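Since the structure comes first, as C-alpha cells, the remarks are kept for the end.
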Amino acid sequence: MASVSFDHVWRRFGPHTAVADLCLDIADGDFLVLLGASGCGKTTSLRMLAGLDEPSEGEIRIDGRVVNKVPPGERDVAMVFQSYALFPHMTVEGNLTFGPRMRRENKAATRARIAEVAQTLELTPLLGRRPAELSGGQRQRVALGRALLREPKLFLMDEPLSNLDAALRGQMRAEIVSLHRRLGITTAYVTHDQVEAMTMATRIAIMFEGRLHQAGKPAAIFDDPASLRVATFIGAPQMNIVDGQVLQADGVTMLACLGTTCRPAEGLVLRAPAGSPVRIGIRPGDIAFSPPHPGAAGFSGAVEFLEPMGSETFATMRCGRETVVVRAPGRTPLRLGERVTLYLDGRFTYAFDAEDGRALIDRSRFGLADLAARRLPA
Amino acid sequence: MRPHPLATALLAVIALLFFAPMLWLAVASLDAHASWALTWPSLTLAHFRNVTAGDYLLSLWNTTLLALVATIVAVLPGIFGAYALSRRRIPLRDGLMITVLFLTGIPVGIMIIPVFQIFAACGWLSLLPTGIFLGANSLPFALWLIKTAMDAVPREMEEAALMERASLLQTIIHVVVPASLPGIASAAIFSFINAWGSFIVPLVLVSDPDQQTGPLTIYGLIAAANVRYGDIAAFSIIYSLPVVILYLLLARSFSGGFLMGGAVKG
Amino acid sequence: MPKTGPRRLALALLASCAFIATGYRAQAQTKTIVTLAYGSEYVFDTNDFAKKWYDNVKAAFEKKYPDAEVKLVPIPGGYPDIINKLSLLYRSRSTAPDVAQLPTPALGQFQSSGWLLPMDDQLATAGWWKEFPDAIKAEGQFDGKVYAVSTGENDSQLYYNKAMFKQAGLPDDWQPKTWDDILTAARAIKAKVPGVVPLWLNVGTSSGDNGLLQGTGNLLNGSSDATIQDANGKWVVDSKGLREVLTFVKTMYNEGLGDSLSDLFSPSAVTVPLALFQKGKLAIAVGSNYYGGNWTKTICSPCWAEAPQTIGVVAIPTVQGAAPGAATTLGGWDLAIGAATTHKDYAWKLLDVMEEQQNQIDAANWAGFVPAAQSYTKAASFVDFAPPYNAVSAQVLPFGKLTPAKAEYEVWSHALQQATGNLAQHTDMTVDQAIDAMKSYVSNQLGADQIATR
Amino acid sequence: MVPRKGVDGVGLLLLAPAGLLLLLLFLAPVAFAFYLGLTNISLAGIHAQHYWFTGAANLRRLSQDNSFWHSLWLTAVFLFGSAVVGVTVVGLALAMLMQHAHVFWQRLAGALAILAWMLPPVTAALIWYAFSTTGGTLSLLFGGQADPLDDHPMLIVILANIWATAGFSMMVLGGGLRGISREVLEAARMENASRIQTFLFVTLPLMRRSLVTNLLLVTLIILANYALTYIMTAGGPNDATAILPIYAYQQGFTFSNLGYGALIGDVLVLIATGFAYLYVRAVRQG
C-alpha cells in the first residue's frame, strides 16, 4: 500500500497543455476518483502515475520516492484499462499468467494465486476461455483479476466500467468498492461519470482543461463546490444558475434574483461587496412550492415543461427572463402553463463570482445537514 | 439474405469459366497421348511417375528452399520494421512509408539486370542469395501489411504488458505479434507465393543447374525440342499443389477478405 | 541498447555476406573440375539422348584423365534461352563454364565479349580439324584466330510425301529445279489431296533466329541476292533476293498452301512438320536435316521407322535453278573454351574427347547433325543411320552459307521473321509493305545509316 | 517507453534490418538500373564487359523508336483491358454475386477464382496456352479448328490476366462490400429503390474508394506479373503482345542491348510510380 503525491506536475504535448500544475496527494488506502469530462487531463495524470507517460515538469512520488523515470513494470502498480487490454490470443488463464511469466515468478505459487483470484472474482469456470468468448462483465473481471494478481501497492483504473451496460455497471461498482474495502489497496480511478465518483470514491478530484479544480470527500464536493464549474458538473439535474446581485439592507446581506431575495444561512460569510453582480446557484431540489419559513418572499413561474421520472418530476419553469428546473413530487398536480409561486431557501443558495466563477460563500465549516438543522432567520 | 436464382445462375457460369482452362491440366496429366489439344484421355499414371523422380523432385525442393528463405527474409525484418514504423518515433516516417509503397509498385523484372551485375560481382549467383533478393522484393508489401495490422492493435495491450514488466522484445513477441497475426500471415503467404511462382528472377540469378527451381523446369519442358505434354501437365499439378494446399488451409481467413482489407484501408 | 548495436549488426551482416560468398566456393576439391555447359532440352532429339551423350563424354574423359572431373551444366529451354543463360553464365568469372556448346550464329557475340579463348595452337595438332571444310572452319574464326570448333552442323532440304505426290499426279522421284516447281507441286496437292497441309515453311518470330535457319533463310540463300550484310557492313533490308523470298511466302499463304497459324507460331514450331508427316497430314516441307534421324527406331521422336518408304528427300532448289542448283542455311553447334578458365589444358582435352569420331557420329545421329569432319560423314555408322536422309544432307552441306556473326544480326533476323510472319497472317499485306516494315524496324533499332538497299 | 526527445535508437535498430535490405537489394538496384539505362552495356558483344555512360544517346534512340511507342500503346490497351475493364468488372461482379447466390456456388466460384489467382504464373500460362491454342478447350467450342491465341492474341492475353487476377480483386472488393452497412441498403429499400437503383446510387458511390484502390493495385500487379504473358506468347505473334516489360526483356536479352532494355524498364518504373502515387493519393483522401 502506498501514498501518492503529484507535485506541480505539468504535461505538454507540443503547444497543447494536457495537465497544468497538478498538485494532488493520495493518502494510503484512499480510493481517489479523478473526475472530469473527456480531455480534461485525468487519463494523462493516471498514465503518468502508471509510468506510461512522463511529466514535462514536476515530480510524481510514490511513498515519497520520485518515480518520474521509473519504468511502469518497476513501480509495483497494476492498471485496469478502459478497453481491458486483454490479450485476445490467450485464454483467461493465459492472460492472468502473463505477468508472472514475464517476471519469471514461481509457477506453483502463481497457480495458487490464480486459483485464489479466480475464486474471488468468480472466474474459475472461465479460465479456459478466450476473451472473445466472454461477456463484457466477465472481461472486466479478468482485467481486474490480472491487476489483482500483481498484489500491487497501487491500483490504477481508467474508466473500467464505461464499456458495460447500466445494470452491470451498478453491480461492478459495488464489487470494486467491496474489493477495495477488503484489500485496502490505494486506488486511483478515472471516470467521467459523477455517479461512479460519488458512490465509490473516498476522495474525488475534479479536473477541467488540465487543471485540478477541487479535491475532497464526495459530500464536500457536492455541498461546497469551489467553483461554478464544479457546482454545475456535480448533481443531476444540473444546478440552476441565474443572474443576481448582492444587496445590503439594514446591515443584512441579501442575495437578489428571480425577482425575490433570500438570506444566506447564519454564520456563512459572503465574500462580495454590496451591489456587485453575482451568479446565483440553486439545486432543483432546493426550490420549494411552499414558504420555507413564515413570511418568505416567493416568486412566480409558469410551467413550461414537465419531465415525469416516476418517483419525482422535474418541472421547467419560466420566471421572467430566466428558466429554472424544480423538483416536484412524482404525482405532481402541476399542469403545463400553470402559474405557481416558488420559494428560495437561503440556506441552500449558492453564490459565485460573476467574473471567474469562484464560490463566494465559504461553507467549509458546515455540512448540508448542519444547515438543514439550523433554523432560518425570518 | 435469400439466394437470388439469377445471381446463382450467373455465378455458376462464371465458376465454369474459371474452371474451363484448368480442365486440360487434369486431363493431359493422365493422358498417355497428351498434346495441347483437349481429347479423351487414354489413362496412365506414367507422367506422375516420371515427374516424381530425380531432377524434378530436386527442383521442387529448390523451390521450397527459395520460397522459405524469401518468406523469412520478408517477414522477420518486416515484423520489427513494421513495429518501429507503427510505434516508434522514426524520423520522416510518412516519407518512408510512401517510399515503401512506391517500392511495392516496381516490377521485379526491372531490377534483374542490375541485381545480376551486383550478384555476379559478389559471386552470389545461387539459390540462397536469390531467395534473399526475392524476400527483399516482397518486403515493402510485407511491411505495409504488417504495419497496417499492428496499427490496429490497441496500444493499451502493449501498455498492459509493459505494466507487467515485460521487456520490449517480450512485448513484441508475446503480445504484438500474436495480435497482428492475420496481417503477418498474409504477408508470409504473399512472400511465399511470390517466390514460389517466381520465374524470371531464378532464371537469371541461379546459375547452378542443381539449384534450378520448379517454374524453370516447366519452362524448359515447354521450349524443348521434344515437348512432353503429359509430363509438363503432371509436373505443373505437383508444383502447384503446395499453393492449393496453402489455399485450403487458409480458405476461411481468405473468405473474410482480410488479406488486403488492411492494406486498402491504408 | 548499447551504442555499439548498429555497428555489431552491420558486422554480422557483412560476415554473413562473406559466409554466403565463400560457402558456395569453398567446397574441398581434390580433383580438377572442368565445367561443361550445354543445352539439355533442345540440341539433342530428346533429353534422354543429351544425357546419354554427355554422360558418355564425361565417363570417357574421366577414364582418360583420372585426376580431373567433368561437372555438367545442362541448360533447359529453347534456343534463345540457351543463348541468354550462356551469356549470363559468362558474365561472372565464378560461373563461366570452362567448355560450352554454343550455337554458330551467336559465336560473334560471345567472341567479341572477350569470353572465348583462341585455340589455334592446340588445333594445329588435332587430326580431326584438318578434315573440316573451310566454310565450317570459318564459323569460329575471328580476326584470324579460331575461337570455336563445330560439333555438328545443320542444313536443310525438301521433304515430301510420295504417296500424296502419286495421288496428286506428281512424280514420286521429285526433282524440283525452281521455287515455282515447289509452288506448283503444292497447288496440285491442295487440289487433289484434301485435308492435308500442302507446304510447310517456317515463318514468324516464335522460334527466333532458329526458325529462320530452318525456314525462309534457306530460300534467301537460294535467291538472286543472298547478301545480309554488305561490303560496308550495312544491313540489307531491301534487295531482289529479299523480295523473291517475301513474294514466295505471300503467294504460299495467300493461296492457302501453308499450315495454320497456331502451328506456325507455337514455341515448338520447328518440330511441327515431323509430327504432321507422321500423321499423314503434310505433303512438302522445307525442313532441317534432323527429321530423318528423329524418325528412326533409335531416336523415335516420333517413332516412324517406315518413313523412308513414304517421305522422300531432295535438295532445295535455287530461285530460277541457277548454279549450284541447291541452297541451304548452315548453322550448328560449336565448342569453345571460356576465357576465364583456370585450367585450359583440361578444357582442351575435354573438347578433344568430344571431337572423337564415335562421339561426333553419336552426336550427329542423336542430335540430327551432319558431322564436320569429312571422313565422319562418310562413315557407315552415320550414313546408314538414317538413309536416305543423311546422305542428302551431307551432299548439300558444302553449299551452305553462314549468317553474319554479329549481335546486330539478331535485329535483322527478327525483322525478317516479322515480315514473313505478317505476310502469313495478313493476306492483304503487300510485299512492299513488308519490305517497308522491315526497313523501318532495322533502321529504328540500328540507326538509319546502318541499312542498305540493293 | 519511446523517448520523447532525441534519437529513438531502439526504433531505428528495429527498423535497421528491413531498411538495409530495402536499401541494398531494392533501392540500389533501381538506382543502378537508371544508370545502366544511360550506358551501352550489352548482354554479349564488345560492350558486355566494357561499357560506359553514353549520356542521352539511349534517350534519343527511345524517342525515335517506333517499336517502343507501339509497345507503349499495346501496354495501354493491355492494362485498360485487363485491369480497368476486366478485373474491376469481373471482380465486382464476383463480389456482388457472391452476396446473393446460393452458398454452394458461392464457395465454388470463390475457391476457383482465388485458386486461379494463387496458381504460379508458369502454370497459369501453360493452362492458358493449352486452353486457347488450336485443338484446345476454347478452340473446341468454336469447332476445333479455331485458333484464338493467334487470331486474337491481345484478347486472349487480356483474358488470361483477368482470369489470374480477378480472385484478388474479388477479395478486395468483397471486403469493401461487406464494409457497407446493411442498414444503408435497407434504408434505400425502404425508399422503394430497385436493386439496380440501389446498386447505382448507393452501393457504387460507397464503393468508390475500394474500386479506385483495387484498380491501382491490380494495375501494378498485372504490370509486374508479365511472366504470364511472356510464357504464353513471348510477345508474339509478330510482336502483337509485345507490351513494355516484354519489349524491355526482348531488347535486353534477345537483342543483347542490356542498357537500352534497362532504359525501357526505367520507363516502366516511372509508369508504376505514377500508379503508386495515384494509389497513395486515393488512400490518403479516403
Side-chain angles (χ1 to χ4, degrees), chain C residues 1-3 5-6 9-10 13 17 78 80-81 83-88 90-91 106 108-115 203-209 260-267 406-408 410-411 413-414 417-426 437 440-441 443-448, chain D residues 8-17 19-21 24 41-50 60-61 64-70 129 132-136 139 145-151 153 231-240 242 249-258 260:
Chain C
M1 246 334 135
K3 270 203 167 140
L9 190 78
L13 274 175
C17 167
D81 306 308
I83 297 181
N84 284 344
K85 193 72 204 179
L86 279 169
S87 308
L88 293 173
Y90 272 126
R91 291 184 74 86
Q109 290 183 59
F110 284 90
Q111 187 275 332
S112 62
S113 310
W115 293 334
V203 295
T205 52
S206 65
S207 313
D209 183 49
S260 70
L261 291 178
S262 64
D263 280 351
L264 285 169
F265 295 163
S266 89
K406 297 271 168 58
E408 293 87 346
E410 293 293 329
V411 170
S413 162
H414 190 79
Q417 292 161 38
Q418 266 187 334
T420 57
N422 274 324
L423 283 172
Q425 189 171 18
H426 308 292
S440 90
Y441 188 85
S443 81
N444 239 316
Q445 299 291 341
L446 301 180
Chain D
D8 180 0
V10 179
L12 290 178
L13 192 70
L14 288 171
L15 191 60
L20 279 177
L21 274 171
L24 294 178
I41 186 173
S42 62
L43 179 68
I46 50 171
H47 298 312
Q49 310 287 25
H50 309 287
R60 240 187 335 270
R61 176 171 171 192
Q64 291 160 2
D65 183 354
N66 293 335
S67 302
F68 165 73
W69 294 109
H70 182 61
Y129 184 84
S132 59
T133 195
T134 304
S139 167
Q145 288 308 304
D147 182 9
L149 182 57
D150 290 309
D151 290 341
I231 295 168
M232 275 177 73
T233 68
N238 298 318
D239 291 349
Y249 188 86
Q250 202 178 40
Q251 277 292 352
F253 289 89
T254 309
F255 299 159
S256 189
N257 300 317
L258 281 185
Y260 189 54

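For clarity, every value in this text was computed on a predicted model and none was experimentally measured. Letters A, B, ... are given to chains in the order of the sequence lines, protein chains preceding strands, and every chain is numbered from 1.
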Sort [X] into side chain, backbone, both or neither according to what part of it lies under 4.5 angstrom from a heavy atom of chain C.
| X | answer |
| --- | --- |
| Ser42(D) | backbone |
| Leu258(D) | side chain |
| Leu43(D) | both |

### Message
Could you walk me through whether Ser256(D) and Gln109(C) satisfy the side-chain contact (heavy atoms from CB on, under 4.5 Å) test, starting with their C-alpha distance in whole Å, then the side-chain angles of each, then the deciding distance to 0.1 Å, before giving a yes or no?
### Response
CA-CA 9 Å; Ser256(D) 189; Gln109(C) 290 183 59; 3.7 Å; yes

### Task
Would you indicate whether the side-chain heavy atoms of Leu149(D) and Phe265(C) approach each other to under 4.5 Å?
no

### Query
Would you say the side-chain atoms of Asp239(D) and Gln418(C) include a donor-acceptor pair closer than 3.5 Å?
yes

Separation of [Y] [atom2] from [X] [atom1] (nearest 0.5 Å):
| X | Y | atom1 | atom2 | result |
| --- | --- | --- | --- | --- |
| Phe68(D) | Asn444(C) | CZ | CG | 12.0 Å |
| Ser260(C) | Asp151(D) | OG | CG | 9.5 Å |
| Asp263(C) | Thr133(D) | CG | OG1 | 7.5 Å |
| Gln445(C) | Phe255(D) | CD | CZ | 6.0 Å |

### Query
What residue, out of Thr205(C), Asn422(C), Asp209(C), has the most heavy-atom pairs lying under 4.5 Å from chain D?
Asn422(C)

### Query
Out of Phe110(C), Tyr90(C), Tyr441(C), which one racks up the most heavy-atom pairs below 4.5 Å with chain D?
Tyr441(C)

### Summary
Minimal heavy-atom distance between Ile41(D) and Arg91(C), with the atoms involved, is CD1-NH2, 3.2 Å

### Query
Does the side-chain contact (heavy atoms from CB on, under 4.5 Å) test come out yes or no for Tyr249(D) and Asn84(C), once each step is laid out?
CA-CA 11 Å; Tyr249(D) 188 86; Asn84(C) 284 344; 3.8 Å; yes

